[in-house]
Amino acid sequence: MEQPVLKVSGLETHFFTDDGEIPAVDSVDFYVNKGEVLGIVGESGSGKSVTSLSIMQLIQAPGKIVGGEITYKGENLISKSEKEMRKIRGNEIGMIFQEPMTSLNPVFRIGNQLIEGIRIHKKWNKKKAWEHAVSILKLVGLPRAEELMNEYPHQLSGGMRQRVMIAMAMACEPEVLIADEPTTALDVTIQAQILELMKKLNKETNTSIIMITHDLGVVAEICDRIAVMYSGKIVEQGKTQDIFQHPKHPYTIGLIESVPDVRVRKDRLYSIPGNVPKPGSIHKGCHFAPRCNFAFDKCYEENPTLLDAGPAQQARCWLHEDAKKAAVLERVKS
Amino acid sequence: MLAYTVRRLLMLIPVLFGMTLIVFFMIRAIPGDPAQVILGQQATEEAIKSLTKQLGLDQPWYLQYIDYIKNLFTGDLGTSLRTSSDISGEIWPYLAATLELSLVAMVIAIFIGVNAGIISAWFQNSWFDYTAMVLALIGVSMPVFWLGLMEQWAFSLELGWLPSTGRENVRNPVDAITHLYLIDTLIQGRMDQFVEVVKHLILPGIALGTIPMAIIARMTRSSMLEVMRSDFVRTARAKGTKMFWVVYKHSLKNAFIPVLTVIGLQMGLLLGGAILTETIFGWPGIGRYIYDAINFRDYPVIQSGILIVAVIFVFINLIVDLLYAAIDPRIKYN
Ligand SMILES: Nc1ncnc2c1ncn2[C@@H]1O[C@H](COP(=O)(O)OP(=O)(O)OP(=O)(O)O)[C@@H](O)[C@H]1O
Ligand code: SF4
Ligand SMILES: [Mg+2]
């Protein structure tokens with residue numbers, strides 16, 4: 001089997017607020033292989049952004065990583081100093097954010113912001129960094145690259161800014177690109193173009209991508225594997241195809257059901273009743289139990305562990321302790 | 001930028017005209033016959049008549065105003081009744097004294113205030129932050145005259161470290177060239193006098209600069225705290241940028257916009273506050289010049305003195321506006 005480039009194990013990131021300690025990320029495990037696209041899916045508040053910022057060691061007070069390991073190329077990032085992390089950020093691991101409108105600095109020109117990272121990591125002179133930046137802008141499909149270098153973010157559309165963000169994250173050819181909802185703020189046609197671009201970059205540069213999203217459509221489009229996140233935990237993971245065809249966690253089933261399907265015209269869109277519980281508000285049992293149609297006694301007693309639910313698929317659900325119980329899920333689907 | 005500057009300069013013309021009108025009528029709105037007031041109760045009919053003619057007060061007001069404007073265009077600010085010399089010839093030394101004191105006070109206030117604000121925000125809730133903000137709170141609530149008198153008592157009377165009044169050592173007077181003594185002594189290579197001039201600047205400079213410094217520090221801190229939470233700061237960190245540059249480049253340029261407003265306002269208030277400080281410290285500035293003119297009912301000097309202070313005020317605002325545009329590229333385009 002391939003060695004994962006990035007492996008997160010037992011990650012715990014808590015926020016120490018006035019209302020107490022909030023386990024926003026609670027024992028999260030996943031990995032991404034070289035050249036692979038991993039999707040992390042989950043509703044708002046499930047801890048996706050906190051997970052990605054934890055990988056970059058950019059969690060700010062009152063948040064703190066309190067446990068686990070983040071292994072990048074065999075080294076634990078959590079034990080690295082700020083100085084060592086700076087060499088990794090933008091160089092080994094790049095990151096794109098949800099809000100292209102506010103993620104670029106409004107008072108500096110695109111060129112200035114683009115060459116900054118290149119000059120830090122590659123130690124090139126200004127001219128060489130500039131030329132490289134122009135070529136990256138062309139690579140991400142921006143027209144008039146030379147002119148764009150001298151423009152300010154407010155002169156660009158949202159889609160263009162997100163391309164600039166991608167260019168910035170890709171400028172130093174990182175091994176891993178973390179994209180935190182890169183298309184959420186964009187309109188549909190632009191979304192498709194950006195996804196297309198990311199797919200292309202993944203193919204051409206063999207960069208591993210962690211695609212964070214709450215949109216299953218995005219996941220189906222470009223991800224090789226999926227990790228489903230709920231209330232600070234990974235509740236299911238497996239190959240994209242397996243998860244779409246045989247979801248093994250009631251929450252995943254709900255998510256898939258709630259995607260509007262053009263082939264089957266439903267009268268009303270299905271959605272999972274209830275909300276993601278605030279992390280920390282549940283102490284005992286499965287976090288999904290209050291919204292789960294399959295919940296039984298044990299679910300309220302003990303928090304489930306990740307159980308094998310297929311050849312390369314795990315689900316954090318007690319149903320998979322017993323093949324007979326697990327069969328219920330199949331019946332519901334059909 | 002050039003087009004914007006020109007536009008702003010053109011917008012100044014009606015403002016300046018408006019100011020001349022206000023000053024012109026303000027002086028004429030003083031009740032009673034100016035000539036009578038100036039010369040006193042015992043004045044003869046002839047004396048009053050001739051002064052009225054000398055002041056041009058026998059003309060209808062619009063002719064007086066046109067005359068006034070004409071004279072202003074040729075740089076003629078009128079003649080002082082007290083000294084019988086041209087105001088434009090005698091005002092500069094006073095103005096230079098005020099400008100030197102205000103600029104020194106403001107430069108120190110900006111340098112210390114901005115940096116204290118930045119470091120407080122960067123290391124929020126540290127001992128530095130607490131100390132700086134307590135000092136700033138004391139600073140904003142300190143009455144200028146009280147601070148001035150306390151300084152004189154402590155550093156001149158008790159300790160004898162610094163002179164309490166004037167702007168030079170009267171036994172070793174500066175040969176005035178520009179009347180900005182810091183510059184005059186430097187170009188003449190008179191280091192002994194330069195040191196004297198600096199010594200004389202310290203106490204009034206602190207008295208004048210303390211409140212602006214405290215206000216600037218508080219504004220910088222709150223503005224920086226807000227900016228440092230923004231998405232583009234996170235982007236900069238994700239690039240691998242050093243925290244120093246994240247703070248002093250990415251954050252400061254954005255945070256400086258509201259700080260600039262405060263600096264402009266404080267600079268204006270500082271000119272207003274100069275009369276008080278100049279009186280306490282025997283500083284031969286424009287404040288003193290106008291104050292003496294009021295005592296002598298020297299109407300032309302009052303009129304021109306107020307006009308000049310108002311013009312400086314307007315130009316400070318212009319500079320602030322131009323700096324806005326230089327810092328924030330979005331301003332020019334909308
Ligand atoms: N600064 C903070 N202070 C306190 N709690 C926080 C903070 N940031 C995040 N959290 C907690 O972490 C949880 C997860 O937040 P996170 O931003 O990771 O969600 P997300 O999955 O990225 O959601 P979205 O889809 O809305 O971006 C939140 O519900 C919140 O309780
Ligand atoms: S453990 Fe129980 S409550 Fe949780 S998802 Fe499985 S069946 Fe539902
Ligand atoms: Mg998020």
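The chains referred to below are lettered A, B, ... by the order of the sequence lines, with proteins before strands, and numbering in each begins at 1. The structure presented is a predicted model; accordingly, all values stated were derived computationally and were not measured.
- Here A/Asn105 contributes atom CG and B/Lys249 contributes atom NZ; the two are 8.0 Å apart, rounded to the nearest 0.5 Å.
- More than 12 non-hydrogen atoms from other residues, nucleotides or ligands lie less than 6.0 angstrom from NZ of A/Lys80.
- Counted within 6.0 Å of CZ on B/Phe194, heavy atoms from surrounding residues, nucleotides or ligands total more than 12; the atom is thus considered enclosed.
- Atom CZ of B/Phe111 sits in a sparse spot, with 12 or fewer heavy atoms from other residues, nucleotides or ligands closer than 6.0 Å.
- Only the backbone of A/Leu104 comes within less than 4.5 Å of a heavy atom of chain B; no side-chain atom from C-beta onward does.
- One distance of note links CZ of B/Arg229 with CD of A/Gln60; it measures 9.5 Å at 0.5 Å rounding.
- The two residues B/Ala238 and A/Met95 have their closest heavy-atom pair at CB-CB, 4.3 Å.
- Other residues, nucleotides and ligands contribute more than 12 heavy atoms inside 6.0 Å of the CD atom of A/Glu84.
- Between chain B and the residues A/Glu116, A/Lys83, A/Met168, A/Met101, the most heavy-atom pairs under 4.5 angstrom are made by A/Glu116.
- With chain A as the partner, the residue from B/Arg234, B/Met243, B/Gln124 showing the most heavy-atom pairs under 4.5 Å is B/Arg234.
- Taking CD of A/Gln98 as the reference point, atom CG of B/Asp231 lies at 9.0 Å (rounded to 0.5 Å).
- From A/Arg89, atom CZ reaches atom NZ of B/Lys239 across 13.5 Å, with rounding to the nearest 0.5 Å.
- For B/Arg330 and A/Tyr152, the positive end is not near the middle of the six-membered ring at less than 6.0 Å and at most 45° from its axis.
- A salt bridge links A/Glu82 with B/Arg237: the distance from a Lys NZ or Arg NE/NH1/NH2 to an Asp or Glu carboxylate oxygen falls below 4.0 Å.
- There is no contact between B/Ser230 and chain A, counting heavy-atom distances below 4.5 Å.
- Proximity to chain B is absent for every atom of A/Ile178, based on heavy atoms less than 4.5 angstrom apart.
- The two residues A/Phe108 and B/His250 have their closest heavy-atom pair at CE1-CA, 4.1 Å.
- Taken from OG1 in B/Thr235 to CE in A/Met165, the straight-line distance is 4.0 Å, to the nearest 0.5 Å.
- Minimum heavy-atom separation, B/Asn254 to A/Pro106: OD1-CG, 3.3 Å.
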